[in-house]
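Taking it in order: structure first as C-alpha cells, then the write-up.
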Amino acid sequence: MRSLTAAFLLALFIMVVVSNSLFIVGQTEQALVLQLGKPERVEKMPGLKFKMPFIQNVEYFDKRLIDFDAAPKEVIAADQKRLIVDAFVRYRITDPLRFMQSVGNEGTMDSRLNSILESSLRQAMGNVPLAAVISEKRAELMQQIRQLVNEQAQGTTDNPGGFGIEVVDVRIKRADLPPANSEGIYKRMQTERTREANQFRAQGAEDAQKIRSQADKERTILLADAKKQAEITRGEGDGQATKIFADSFGQDADFFQFYRSLQAYRKTLDSKDTTLILSPDNNEFLKYMEKGGGSGK
C-alpha cells in the first residue's frame, strides 16, 4: 500500500514538473521568459517551448498591431486657430524585453503614448495653418506626426532605449473647431456666401439688362430699316402708279375720269353702314351710274 502511494505521488510530481517545464507560443504571440523575476530570453517563434520549472515564468506579448485611440486634444495651428483633434496610433511590440522594462504592460504604454501623441500634434500642427489640416496636405502632416511619435517611442534622453515598439501609423480621424469658434466661423461663412450670392445676382441682373438693351436697340434698328425700305418701296410704287395714271390721262381723259369715279364709288359705298342722300338730277358724282351717263359713248 505504501509503495502504491509513493508511486502515485511520484507520478503526480513528474506531471507537475513537466507541466511547469513546457509552454506554448501562439502564432500571434511572443514570450519573455523570466527567471526569478529577471529576464532570461525572448521567444518569438511559435511552437512548444521549454523552461526551468518553478524558478522560471513566462510573460506573453501580442505580435499583432495594437490600436491606441487617444482622447480628443485641443491644439493651436500656426494661424492661431484652435482645433479639437481626434487621432489614433497603431504600433507593434518589437522588443518584448525593452517593453517589459520600460512600461511593463499595454495600459502604461497607452498612457505614455497619449503624452507623446499630444506633444507631437502640438509640434507638427503648430507650424501649419488651419487650411493645411483640411486640405490635401493632411496626409503629409500625418506622416510628419507619425515620424515624431516614432522618434520619441524609439528613444529619448529620458528613455534612451525607447519602449521596444514601432509606431506603424498615426491617423487624424477628426479635426474640428471648438463649438464656440465653429458657430462664429459658420456665421461668417454664411454672411460671405450671402454676399457672394447677392453679387452674382447683381452681376446677372446687369448682364441681363445689357442684353435686353442690346436686343431692343437691334430691334429698333431693324424696324427702322424695314420701315425705311417699305417707305421707299411704297414711294416707288406710288410714283409708278402716278406715272401710269398720268400716261392714261394723257391718252384718254374721259376714261381716266371714269376710272377715278369708279374708285370713288368703291371707297364710298364699300361700308354697309354708309348712307348717301343725293339728288339724282344733274348730280356730277352719280353721272356714270345714270343710263348712258358720261359723254354718252
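These figures come from a predicted structure and were not determined experimentally.
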Contact between Leu141 and Val128 at the side-chain level, heavy atoms closer than 4.5 Å - yes or no? yes
I need the Leu65 CG to Thr28 OG1 distance, nearest 0.5 Å. 12.0 Å
For residues Phe68 and Phe88, determine if any side-chain heavy atom of one lies less than 4.5 Å from a side-chain heavy atom of the other. no
Decide, yes or no, whether a salt bridge links Asp225 with Lys227 under the criterion of side-chain N to carboxylate O below 4.0 Å. no
State whether the side chain of Asn198 and the backbone N or O of Thr194 hold a donor-acceptor pair below 3.5 Å, judged by distance alone. yes
Is any side-chain N of the basic residue among Glu196 and Arg193 closer than 4.0 Å to the acidic one's carboxylate O? yes
Any heavy-atom pair between the side chains of Gln152 and Ser119 that's under 4.5 Å? yes
Given 3.5 Å as the limit, does a donor-acceptor pair link the side chain of Gln214 with the main chain of Lys210, or not? no
I'd like to know if the side chain of Ser213 and the backbone of Gln209 have a donor-acceptor N/O pair within less than 3.5 Å. yes
Min side-chain heavy-atom separation Glu29-Pro46 under 4.5 Å: no
So do the side chains of Glu192 and Arg188 get within less than 4.5 Å of each other, counting heavy atoms only? no
Any chance you could measure Arg138, atom CZ, to Ile145, atom CD1, to the nearest 0.5 Å? 9.5 Å
Which is it for Glu43 and Arg41 under the salt bridge (charged side-chain N to carboxylate O under 4.0 Å, His left out) test, yes or no, and what are the steps along the way? CA-CA 7 Å; Glu43 295 287 354; Arg41 70 182 188 274; 2.8 Å; yes
Between Lys44 and Thr94 the two heavy atoms that sit nearest each other are NZ-O, 2.8 Å
Check step by step if salt bridge (charged side-chain N to carboxylate O under 4.0 Å, His left out) holds for Glu231 and Arg234. CA-CA 5 Å; Glu231 292 295 336; Arg234 187 179 293 109; 3.1 Å; yes
ILVMFWY clustering at 4.5 Å (side-chain atoms), partners of Tyr60: Phe23, Val25, Val33, Val58
Please test Phe163 against Arg98 for side-chain contact (heavy atoms from CB on, under 4.5 Å), starting from the C-alpha separation and ending with a verdict. CA-CA 6 Å; Phe163 301 110; Arg98 186 58 193 166; 6.0 Å; no
Give the C-alpha distance, both sets of side-chain angles, the deciding distance and a yes or no for salt bridge (charged side-chain N to carboxylate O under 4.0 Å, His left out) between Asp110 and Arg112. CA-CA 5 Å; Asp110 289 348; Arg112 298 295 296 272; over 6 Å; no
Check: Leu34 and Glu40 side chains under 4.5 Å, non-hydrogen atoms: no
So, does Asn114 use its side chain to make a donor-acceptor pair with the main chain of Ala70 at under 3.5 Å? no
Heavy-atom count around Arg219 CZ within 6.0 Å, excluding the residue itself: above 12? no
In this structure, CD1 of Ile93 is separated from CD1 of Ile165 (nearest 0.5 Å) by 8.0 Å
Do the non-hydrogen side-chain atoms of Lys38 and Leu36 ever get within less than 4.5 Å of each other? no
Do Leu22 and Lys49 have side chains that get closer than 4.5 Å, going by heavy atoms? no
Could Lys173 and Asp69 be called an ion pair, given the rule that one side-chain N must be under 4.0 Å from one carboxylate O? yes
Asp86 side, atom CG; Lys73 side, atom NZ - distance, nearest 0.5 Å: 8.0 Å
Verify salt bridge (charged side-chain N to carboxylate O under 4.0 Å, His left out) between Arg122 and Glu118, making sure each step is shown before the conclusion. CA-CA 6 Å; Arg122 294 182 185 278; Glu118 183 172 2; 3.1 Å; yes
